[in-house]
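The structure presented is a predicted model; accordingly, all values stated were derived computationally and were not measured.
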Amino acid sequence: MKGNKYWAKSCVYKGMKFPSYVERDRYMYLEYMAKIGEISCLHSQWRFEIMPKITKVVPVQLKTKVRYEERVVESAVHYTCDTIYEENGRYVIEDVKSEYGRKGSRDYPLRRHRMVEKIKDHNARGRGQWIFREAVLCGKQLKIKDYEP
């Protein structure tokens with residue numbers, strides 16, 4: 001059986017599977033905050049497309065004519081956040097990481113950067129205010145860091 005590379009133990013809460021107890025505990029806290037009215041619209045595992053797919057049109061020779069088909073050169077790149085919710089009139093995209101998972105992952109800093117750039121572009125167009133929030137477990141304490149565009 002293959003385990004988690006950061007020794008996190010997965011768990012199930014209300015039928016939802018969480019990759020770590022820290023992520024589950026944070027979701028339970030946010031669920032409580034939603035219950036008392038501090039936040040609203042709480043969702044888990046929301047998927048964003050941070051880079052669209054790249055396609056090109058190629059000619060395909062048929063018997064009597066040439067047909068042009070669109071072929072995918074590069075697949076789209078997606079980012080799945082842990083939770084998303086509304087707080088004080090703005091949406092918060094939140095990701096829970098351990099100190100080791102944050103530093104040890106090769107692609108997470110790039111995906112976080114692309115997500116913050118996408119949020120910056122979204123906010124500049126006047127479509128509502130969004131922020132990216134990272135909850136990092138340092139020892140036994142959860143530190144919250146906002147990346148506001």
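Within the 4.5 Å cutoff, the side chain of Met33 has no heavy atoms near those of the Leu42 side chain. Contact of the Thr83 side chain with the His43 side chain is not registered, since no non-hydrogen atoms from C-beta on lie closer than 4.5 Å. Contact of the Leu30 side chain with the Glu94 side chain is registered, since non-hydrogen atoms from C-beta on lie closer than 4.5 Å.
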Please test Glu31 against Lys14 for side chain to side chain contact (heavy atoms under 4.5 Å, CB included), starting from the C-alpha separation and ending with a verdict. CA-CA 12 Å; Glu31 202 174 44; Lys14 290 188 177 180; 3.3 Å; yes
Passes side chain to side chain contact (heavy atoms under 4.5 Å, CB included), Asp95 versus Tyr108? Steps please. CA-CA 10 Å; Asp95 207 2; Tyr108 174 70; 3.1 Å; yes
With side chain to side chain contact (heavy atoms under 4.5 Å, CB included) as the test, would you mind laying out the steps for Tyr91 and Cys41 before giving the verdict? CA-CA 9 Å; Tyr91 277 96; Cys41 301; 4.2 Å; yes
Is there a side chain to side chain contact (heavy atoms under 4.5 Å, CB included) between Arg71 and Thr55? Walk through the geometry before answering. CA-CA 5 Å; Arg71 299 229 174 121; Thr55 60; over 6 Å; no
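Within a 6.0 Å radius of CE in Met16, more than 12 heavy atoms belonging to other residues, nucleotides or ligands are found. Remark: Glu74 CD is loosely packed, at most 12 non-hydrogen atoms of other residues, nucleotides or ligands lying under 6.0 Å away. Counted within 6.0 Å of NE2 on His113, heavy atoms from surrounding residues, nucleotides or ligands total 12 or fewer; the atom is thus considered open.
By the criterion of side-chain heavy atoms lying less than 4.5 angstrom apart, applied directly or through intervening Ile, Leu, Val, Met, Phe, Trp or Tyr residues, Val66 is grouped together with Val57 in one hydrophobic cluster. No continuous path of ILVMFWY side-chain contacts below 4.5 Å connects Tyr21 to Tyr29, so the two sit in separate hydrophobic clusters. Follow the hydrophobic side-chain contacts under 4.5 Å out from Val77 and you never reach Val72; the two are in separate clusters. Hydrophobic clustering (side-chain heavy atoms under 4.5 Å, transitive across Ile, Leu, Val, Met, Phe, Trp, Tyr) groups Tyr27 together with Tyr32.
Distance alone, capped at 3.5 Å, places no donor-acceptor pair between the Arg24 side chain and the Lys17 backbone.
The pair Glu117-Arg114 fails the salt-bridge criterion, with no side-chain N (NZ, NE, NH1 or NH2) lying under 4.0 Å from an Asp/Glu carboxylate O.
Atom-to-atom distance recorded for Arg133:CZ and Ile93:CD1 is 11.5 Å, nearest 0.5 angstrom. To the nearest 0.5 Å, atom CD of residue Glu49 and atom OH of residue Tyr79 are 15.5 Å apart. Residue Asp82 holds its CG atom at 10.5 Å from CZ of Arg26, rounded to the nearest 0.5 Å. With values rounded to the nearest 0.5 angstrom, Glu87 atom CD is found 13.5 Å from Gln129 atom CD. With rounding to the nearest 0.5 angstrom, the CZ atom of Arg125 is 14.0 Å from the NZ atom of Lys120. In this structure, CH2 on Trp46 lies 12.0 Å from OG1 on Thr80, to the nearest 0.5 angstrom.
Exactly one residue among Arg112, Lys143, Lys145 makes a salt bridge (Lys or Arg N to Asp or Glu O under 4.0 Å) with Glu134. That residue is Arg112.
When all heavy atoms of Cys81 and Ile84 are compared, the pair lying nearest together is SG-CB, 4.2 Å. The minimum heavy-atom distance between Val73 and Lys56, with the atom names listed, is CG2-CG, 3.7 Å. In terms of heavy atoms, Pro59 sits closest to Tyr68 at CB-CE2, 3.6 Å.
The aromatic rings of Phe18 and Tyr13 are tilted relative to each other, their planes meeting at an angle between 30° and 60°. Between Phe48 and Trp130, the ring-plane angle classifies as perpendicular under the 30° and 60° cut-offs.
Grouped with Val12 in a hydrophobic cluster is no other residue, since no side-chain heavy-atom contact under 4.5 Å to another Ile, Leu, Val, Met, Phe, Trp or Tyr is found.
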